[in-house]
Amino acid sequence: MARLEQGRAVTPSAQVCAALARALRLSDDEEAHLMRLAGFAAAPDRIPCLIPGSLHRVIDHLGDIPAAVYDAGWRLLHWNRLFAAVFGDPVGATADDRNALIVQFESRNPRVRQTDTERAYFEQSLVADLRATSARYPNDPDVAALVTRMAGNDRFRRLWALGAVASHESAHKTAVHPDVGLIPLDANVLTTRTTDLRVVVLTPRPDTTAREKLDRLG
């Protein structure tokens, strides 16, 4: 870090900086300082996408339930091992397949099953959340590009025209796993205060066999 402060170090990538911060057990403030020195400070009009080291550790230690982190545009940034086991490993996924809105409206994940009611609620909630994001980050080109792309989808276009603004906080879905079958899950979304990241925690639905199946996958 001292070499960066003195301008004597080759600038590493954001991923390298994040890994270095975790290895050195930097505090969130220290990691933010490292990112600023390396030129990765988020512009005020762009969606934050850098995950604090403390949040990395929280997600990685939630070993018995699937968990993931998305940015405010619903792009998947980080996930734990059980999330990958349940929904398929996103490591080799394209950028499109890492955005929850694209995956949902273009039916890109065969491992998710929803009833008509669940789908209607989930899509309405996601679109209202994206509209709120677009108002907070009106100059973010990625948000504008996402809205433009999604406007080609009839379901999205009808929901966007409603003008609803809200935070997406919960949903119900069923994972379809090739080895253990159906896994009914409740999704709860926590939004971080300073980074506007969405932490999605998926818990087994009560009175189902979901807990047993998650244990098997874990």
Side-chain angles (χ1 to χ4, degrees), residues 1 13-83 87 90 95 98-104 121-147 160 163-173 185-203:
M1 189 178 296
S13 68
Q15 291 79 7
V16 170
C17 286
L20 179 62
R22 291 196 297 274
L24 296 177
R25 298 183 179 276
L26 299 183
S27 68
D28 289 348
D29 289 339
E30 290 169 335
E31 181 177 0
H33 180 58
L34 173 62
M35 290 296 185
R36 285 192 293 270
L37 291 175
F40 297 115
D45 58 349
R46 298 296 299 269
I47 287 178
C49 61
L50 296 174
I51 303 174
S54 58
L55 185 53
H56 263 284
R57 292 189 289 274
V58 168
I59 297 300
D60 293 342
H61 279 82
L62 291 175
D64 62 343
I65 54 174
V69 181
Y70 293 79
D71 68 14
W74 288 99
R75 178 179 49 162
L76 178 63
L77 302 175
H78 183 59
W79 56 91
N80 66 5
R81 189 172 60 84
L82 195 51
F83 181 93
F87 296 105
R98 289 194 182 190
N99 185 280
L101 282 135
I102 293 175
V103 169
Q104 175 67 24
Y121 170 78
F122 182 58
E123 292 183 353
Q124 182 177 355
S125 184
L126 268 186
V127 172
D129 190 281
L130 181 63
R131 182 173 281 282
T133 293
S134 69
R136 285 195 302 277
Y137 304 97
N139 299 317
D140 190 303
D142 293 335
V143 174
L146 178 61
V147 172
W160 189 260
V165 178
S167 296
H168 176 55
E169 297 179 349
S170 64
H172 303 293
K173 63 182 63 180
L185 299 167
D186 293 329
N188 289 282
V189 183
L190 310 175
T191 302
T192 60
R193 184 173 59 86
T194 58
T195 58
D196 213 11
L197 298 171
R198 278 84 165 111
V199 180
V200 178
V201 178
L202 297 124
T203 55

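What you see is a predicted model, and the numbers here were worked out from it, not measured in a lab.
Between Asp142 and Arg46 there is a side-chain heavy-atom pair separated by less than 4.5 Å. Between Leu197 and Pro52 the shortest side-chain heavy-atom distance falls below 4.5 Å. Contact check for Leu50 versus Thr195: no side-chain heavy atoms found under the 4.5 Å cut-off. At a threshold of 4.5 Å between non-hydrogen side-chain atoms, the residues Leu76 and Phe87 do not count as touching.
Under the rule for a side-chain hydrogen bond (donor to acceptor under 3.5 Å, both in side chains), the partners of Asp186 that lie at least two apart in sequence or sit in another chain are His172, Arg205. For Thr203, the side-chain hydrogen bond (donor to acceptor under 3.5 Å, both in side chains) test picks out no residue, with sequence neighbours left out. Applying the side-chain contact (heavy atoms from CB on, under 4.5 Å) test to Ser167 and every residue at least two apart in sequence or in another chain returns Asp129, Glu169. Every residue two or more places apart in sequence or in another chain that forms a side-chain contact (heavy atoms from CB on, under 4.5 Å) with Arg131 is listed here: Ser134, Trp160, Val165. A search for side-chain hydrogen bond (donor to acceptor under 3.5 Å, both in side chains) contacts involving Asp60 returns His78, not counting sequence neighbours. Asp196 meets the side-chain hydrogen bond (donor to acceptor under 3.5 Å, both in side chains) test with Arg136, Tyr137, Arg198; sequence neighbours excluded.
Considering every non-hydrogen atom in both Ala166 and Ala132, the closest pair reads O-CB, 4.2 Å. Pairing each heavy atom of Gly73 with each of Asn99, the nearest pair is O-ND2, 2.9 Å. Contact between Asp140 and Ile47 at its shortest, heavy atoms only, is OD2-N, 2.7 Å. For Ser170 against Asn188, the heavy-atom pair with the smallest separation is CB-OD1, 4.1 Å. For the pair Leu62 and Ala67, the tightest heavy-atom approach, listed with the atom from each and the gap, is CD1-CB, 4.0 Å. Nearest heavy-atom pair, Cys49 versus Leu77, reported as atom, atom and distance to 0.1 Å: O-CD1, 3.5 Å.
The aromatic rings of His168 and Trp74 sit perpendicular, their planes meeting at an angle over 60°, well past the 30° parallel limit.
Interatomic distance, CD1 of Ile65 versus CG of Leu82, reported as 8.5 Å (0.5 Å rounding).
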